[in-house]
Amino acid sequence: MSSAGGTRDTRGARGMHGTRDGHGARGTHGARGARGARSGRSVRRTPGQGLRPFSPFSIKTKLGTLVVVSVFITTGLLMVALRTKTEVRFITVFSVIASMLITQFVAHSLTAPLDKMTTVARAISQGDYTRRVHGAERRDELGDLAATINVMADDLEAVDAHRRELVANVSHELRTPIAALRAVLENVVDGVSAADPETMRTALKQTERLGRLVETLLDLSRVDNGVVPLKARRFEVWPYLSGVLKEAGLAAGQRGSLTSGSGNHTRKDVHLHLDVFPPDLTAHADAERLHQVVANLIDNAVKHSPQHGRVTVRARRGDAPGSLTLEVLDEGPGIPEKERHRVFERFNRGSARGGDGGTGLGLAIARWAVGLHGGHIGVAESSRGCRILVTLPGSSKAAG
């Protein structure tokens, strides 16, 4: 560590357990990406809230016009009967027939779309989320209903895709360490290898990997259920971040020789550097949630750092009291601009090769933790590598 210039340097070995959380998973945009792609369609509309403003194309206007036209027809035929001395019963029959024809025409224009919506809704209820209702461009209540059904279908399709990706990703993540652990134990049972400390250490590393996956899934469950309270307090930034970096270096050193599904990943050459100014900087945030943010950002930065690279965690005072600005910079290949909008989506694990198939949840959890504080996290411009910028609003906006 170096204390000169208000900075500290922490050297740590890193174990590489996957590719960067924040790029496409399984070659797709993910469930949220699919939903976002559909949300830009011109036919998608948000139904009006409260009383609907008058529209010449609304159903109420059409029904009112039907009544007025029927009255005019009946009145006109009655006047013709009085002038031509035609019997009233004939005029009554003619007026009823004319009214029924007009009513049938209007009713068909209203019920035909409803029949189609019923068919689509029944298909959606049976699990076919690809069906959509035509007629969302109509400028009446049926158009709003069609748009609402299509929005519902988009959401259900996104949820279904999310569920499928969750099962596929978790199955893949569980299969690798379980297979490795099973191979180690079978070798011990069959007498191929002895139960020496090195063999047990390999089994322990795979067990620890399973434990980390379970912790990540539990965090994801808390995100979905919204059951994590925010316990914000004021703390000194320098000793806090220094402890986070030390934990990151220690954890990396313990799993530096871990064998994953794609090879051996040893990152003992990456330098962790802490830059806090002023040195007595304080912030108001939930320390546990902020630890998730910093640890995930450091983990991703180190995984994509070159040999003998450097990862810098920089902290500065924000505009409001207790606010904080954090930056995590690496010297890796960076994130292409076209992929930056998908960085924090779930199960997006990047286009980088050579990873062992990480869960792709780290940055999604980081975004959630920052969001709990009312802050913002995003990819900032950088002349080299990747630069993630986190802003926390402090005590004025943070949830209690």
Side-chain angles (χ1 to χ4, degrees), residues 1-14 230-253 267-306 308-332 362-363 365-367 369-400:
M1 279 199 173
S2 173
S3 58
T7 63
R8 297 187 178 184
D9 197 3
T10 303
R11 187 186 301 263
R14 301 295 303 179
L230 193 67
K231 300 177 182 179
R233 61 177 178 82
R234 186 170 295 276
F235 59 90
E236 294 186 9
V237 176
W238 193 327
Y240 172 79
L241 291 181
S242 179
V244 176
L245 265 66
K246 286 181 180 179
E247 291 179 11
L250 179 61
R267 302 311 311 273
K268 298 181 180 181
D269 58 328
V270 177
H271 301 264
L272 301 181
H273 181 72
L274 178 59
D275 178 8
V276 178
F277 186 83
D280 60 347
L281 177 64
T282 62
H284 187 273
D286 187 318
E288 183 178 354
R289 301 279 79 82
L290 185 59
H291 187 285
Q292 288 180 299
V293 176
V294 179
N296 277 307
L297 293 182
I298 292 176
D299 187 59
N300 279 279
V302 171
K303 288 175 183 176
H304 290 267
S305 293
H308 306 290
R310 177 171 175 152
V311 172
T312 301
V313 179
R314 183 177 298 155
R316 296 291 186 268
R317 179 178 288 116
D319 298 331
S323 60
L324 181 66
T325 299
L326 287 174
E327 295 181 8
V328 177
L329 305 93
D330 63 52
E331 299 176 343
L363 292 183
I365 292 175
R367 180 181 63 176
V370 173
L372 283 178
H373 291 81
H376 177 266
I377 183 172
V379 181
E381 292 294 334
S382 178
S383 58
R384 181 183 181 185
C386 176
R387 174 170 166 251
I388 303 294
L389 178 63
V390 178
T391 56
L392 301 179
S395 57
S396 59
K397 295 182 180 180

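For the atom pair CG (Leu241) and NE2 (His291), the distance works out to 10.0 Å, reported to the nearest 0.5 Å. Atom CZ of residue Arg316 and atom OG1 of residue Thr325 lie 9.5 Å apart, to the nearest 0.5 angstrom. Note that the CD1 atom of Ile298 and the CG atom of Leu274 stand 8.5 Å from one another [nearest 0.5 Å].
Shown here are the side chain to side chain contact (heavy atoms under 4.5 Å, CB included) partners of Glu331, two or more places apart in sequence or in another chain: Pro306, Arg310, Arg384. Here Arg234 pairs with nothing under the salt bridge (charged side-chain N to carboxylate O under 4.0 Å, His left out) rule; sequence neighbours left out. Applying the side chain to side chain contact (heavy atoms under 4.5 Å, CB included) criterion to Arg317, with sequence neighbours excluded, gives Pro278, Leu281. Residues satisfying the side chain to side chain contact (heavy atoms under 4.5 Å, CB included) criterion with His376, sequence neighbours excluded, are Thr391. The side chain to side chain contact (heavy atoms under 4.5 Å, CB included) check on Arg233 picks up Phe235, Ala287, with sequence neighbours excluded.
Val390 is listed as a side-chain neighbour of Leu297, based on a closest heavy-atom distance under 4.5 Å. For the pair Asp275/Val313, no side-chain contact is recorded, criterion being any heavy-atom separation below 4.5 Å from C-beta on. The shortest distance between side-chain heavy atoms of Phe277 and Arg314 does not fall below 4.5 Å. Side-chain contact check for Leu326 versus Val328: every heavy-atom pair is 4.5 Å or farther apart.
Of all non-hydrogen atoms in Arg289 and Ala369, the two that sit nearest each other are O-CB, 3.8 Å. Among all heavy-atom pairs drawn from Val293 and Ala366, the shortest one is CG2-O, 3.7 Å. For the residue pair Ala295 and Val244, the shortest heavy atom distance occurs at N-CG1, 4.4 Å. The nearest pair of heavy atoms linking Glu327 to Leu389 is CG-CD1, 3.5 Å. In terms of heavy-atom proximity, Ala320 sits nearest to Pro393 at CB-O, 3.8 Å.
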Between Leu272 and Val302, does a side-chain contact (heavy atoms from CB on, under 4.5 Å) hold up when you go through it step by step? CA-CA 9 Å; Leu272 301 181; Val302 171; 3.7 Å; yes
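In this structure, Asn300 contributes its side chain and Asn296 its backbone to a donor-acceptor pair below 3.5 Å. Proximity of a side-chain donor or acceptor of Asp286 to a complementary backbone N or O of Lys231 within less than 3.5 Å is detected. When atom types are taken as modelled, the side chain of Arg387 and the backbone of Leu329 share no donor-acceptor pair closer than 3.5 angstrom. Between the side chain of Tyr240 and the main chain of Thr282, no donor-acceptor pair closer than 3.5 Å is present. The main-chain N or O of Cys386 is found under 3.5 Å from a side-chain atom of Asp330 such that the two form a donor-acceptor pair.
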